[in-house]
Amino acid sequence: MESCFDFSLCRRNGFKVYTYPQQKGDKISESYQNILSAIEASRYYTSDPSQACLFVLSLDTLDRDQLSPQYVHNLRSKVQNLHLWNNGRNHLIFNLYSGTWPDYTEDVGFDIGQAMLAKASISTDNFRPNFDISIPLFSKDHPRTGGERGFLRFNTIPPIRKYMLVFKGKRYLTGIGSDTRNALYHVHNGEDVVLLTTCKHGKDWQKHKDSRCDKDNAEYEK
């Protein structure tokens, strides 16, 4: 933090966050728009960059998988042309997906310089403690603000719910992430712990099909 973050900007005006104005023609996903809108609706937001302690891009950096329809092209040059970029100093970059199956490298496709990274599924090799932020991988349908109040009443721990743990997603048969998801069935009990995976991932998934795929696919679709 001492070498990559300018604390004087925060001491001068307090913790104020500036989001870059969106440029005409730049596509932006609903998920990233929700992040920007949440910041702009908060008490920390400022529309004056000279008052800001932290800067957030209007360029959508959430999905950096080149095969994704949400992928923003020419991001490298677009970022470098921002007059406030200053090699990423005091900037926060949000990212959910990077790289392409089956390797999923953590390269976001441009030099983040001295910017902090708020990233999902970040590896311990790349995570910089007390600088980067590990965030959950949330769905595009995730609500921007909280819904009803929680169900915790009178210290009922665990809370009275039918399911303690639920997961539903693709089971990577090969490549990065496969070890973890291939092991989920050990914890699944079909009662209060429900971990559903499907082998149907990629065009050639049947080449890598294992003995559990038929059962897993059936439960997932049910």
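Just so it is clear, the model here is predicted, and its values are computed rather than measured. Start at 1 with the first residue, then count along the sequence.
- Listed by chain and residue number, Thr19 satisfy the side-chain hydrogen bond (donor to acceptor under 3.5 Å, both in side chains) test with Glu40 (two or more places apart in sequence, or in another chain).
- Residue Cys199 holds its SG atom at 12.0 Å from CZ of Arg181, rounded to the nearest 0.5 Å.
- Under a 3.5 Å cut-off, the side chain of Asn90 and the backbone N or O of Phe55 do not form any donor-acceptor pair.
- A salt bridge links Glu221 with Lys200: the closest approach of a Lys/Arg side-chain nitrogen to an acidic carboxylate oxygen falls below 4.0 angstrom.
- From Lys27, atom NZ reaches atom CG of Leu59 across 12.5 Å, with rounding to the nearest 0.5 Å.
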Cut-off 3.5 Å, no hydrogens considered: what does the side-chain donor-acceptor table look like for residues 106-116, sequence neighbours left out?
from, atom 1, to, atom 2, distance (Å)
Glu106, OE1, Ser123, N, 3.4
Glu106, OE1, Asn126, ND2, 3.3
Glu106, OE2, Ser123, N, 2.8
Glu106, OE2, Ser123, OG, 3.0
Asp107, OD1, Gly109, N, 2.9
Asp111, OD1, Gly113, N, 2.9
Gln114, OE1, Arg89, NH1, 2.9

Evaluate the side-chain hydrogen bond (donor to acceptor under 3.5 Å, both in side chains) criterion for residues Glu219 and His188: first the C-alpha distance (whole Å), next the side-chain angles of each, then the deciding distance (0.1 Å), finally the verdict. CA-CA 11 Å; Glu219 284 206 350; His188 169 78; 3.3 Å; yes

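- You'll find the side chain of Ile39 stays beyond 4.5 Å of the side chain of Tyr18, heavy atoms only.
- Using modelled atom types, one finds a donor on one side chain and an acceptor on the other under 3.5 Å when comparing Thr100 with Asp65.
- Looking at Asn95, its side chain does come within 3.5 Å of a backbone N or O of Thr61 through a donor-acceptor pair.
- By the criterion of side-chain heavy atoms lying less than 4.5 angstrom apart, applied directly or through intervening Ile, Leu, Val, Met, Phe, Trp or Tyr residues, Leu75 is grouped together with Leu62 in one hydrophobic cluster.
- A donor-acceptor distance shorter than 3.5 angstrom exists from the side chain of Arg64 to the backbone of Val72, with no hydrogens or angles considered.
- The backbone N or O of Asn34 sits nowhere less than 3.5 Å from a side-chain atom of Ser37 that would complete a donor-acceptor pair.
- For Ser98 (side chain) and Thr105 (main-chain N/O), a donor-acceptor pair under 3.5 Å exists by modelled atom type.
- Both Ile35 and Ile133 sit in one connected hydrophobic cluster of ILVMFWY residues. Membership requires side-chain heavy atoms under 4.5 Å apart, directly or through other members.
- Asp60 CG to Ser31 OG: the interatomic distance, rounded to the nearest 0.5 Å, is 8.0 Å.
- Between Ile28 and Asp26, the closest side-chain pair of non-hydrogen atoms is not below 4.5 Å.
- Within the 3.5 Å criterion, the main-chain N or O of Thr197 finds no donor-acceptor partner in the side chain of Asp216.
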Side-chain donor-acceptor pairs of residues 79-87 under 3.5 Å, sequence neighbours excluded:
from, atom 1, to, atom 2, distance (Å)
Asn81, ND2, Ser77, O, 3.0

Go through the steps for Phe167 and Leu184 under the test side chain to side chain contact (heavy atoms under 4.5 Å, CB included), then give the verdict. CA-CA 9 Å; Phe167 172 82; Leu184 291 179; 3.7 Å; yes

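- Note that OH of Tyr71 is 10.0 Å distant from CG of Asp63, once rounded to the nearest 0.5 Å.
- To the nearest 0.5 Å, atom CG of residue Asp210 and atom NZ of residue Lys215 are 12.0 Å apart.
- Under a cut-off of 6.0 angstrom, the local environment of CZ in Arg128 is crowded, with over 12 non-hydrogen atoms contributed by other residues, nucleotides or ligands.
- When the ring pair (Phe, Tyr, Trp, His ring centres under 6.0 Å) test is applied to Tyr220, no partner is found at least two apart in sequence or on another chain.
- Remark: the backbone N or O of Asn217 is not paired with any side-chain donor or acceptor of Asp214 at under 3.5 angstrom.
- Side-chain N or O atoms of Thr46 include none that pairs as donor or acceptor with a backbone N or O of Gln51 at under 3.5 Å.
- Residues Leu196 and Trp205 do not share a hydrophobic cluster, defined by chaining ILVMFWY side chains whose heavy atoms lie under 4.5 Å apart.
- For the residue pair Asp192 / Asn189, a side-chain donor-acceptor distance below 3.5 Å is found, with atom types taken as modelled.
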Does Lys119 form a side chain to side chain contact (heavy atoms under 4.5 Å, CB included) with Asp132? I'd like the steps, not just the answer. CA-CA 8 Å; Lys119 180 169 170 52; Asp132 289 330; over 6 Å; no

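- Between Val17 and Tyr45, the closest side-chain pair of non-hydrogen atoms is not below 4.5 Å.
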Please assess His91 against Phe5 for the test ring-ring contact (aromatic ring centres under 6.0 Å, His included), listing each intermediate value before the final yes or no. CA-CA 9 Å; His91 281 66; Phe5 194 91; over 10 Å; no

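- Transitive grouping of hydrophobic side chains (ILVMFWY, heavy atoms separated by less than 4.5 Å) keeps Val166 and Val187 in distinct clusters.
- Between the side chain of His201 and the main chain of Lys170, no donor-acceptor pair closer than 3.5 Å is present.
- The shortest distance between side-chain heavy atoms of Leu96 and Phe138 falls below 4.5 Å.
- Residues passing the disulfide (SG to SG under 2.5 Å) test with Cys10 are Cys53, sequence neighbours excluded.
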Side chain to side chain contact (heavy atoms under 4.5 Å, CB included), that's the test. Do Leu36 and Phe94 meet it? Break it down for me. CA-CA 10 Å; Leu36 296 179; Phe94 288 90; over 6 Å; no

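- Atom CG of residue Asn13 and atom CG of residue Asp48 lie 8.5 Å apart, to the nearest 0.5 angstrom.
- For Tyr97, the ring pair (Phe, Tyr, Trp, His ring centres under 6.0 Å) test picks out no residue, with sequence neighbours left out.
- Residues Met1 and Leu9 share a hydrophobic cluster, clusters being chains of Ile/Leu/Val/Met/Phe/Trp/Tyr side chains in contact below 4.5 Å.
- For an aromatic pair to be called close, the ring centres must be under 6.0 Å apart, and His208 with Tyr172 fails this.
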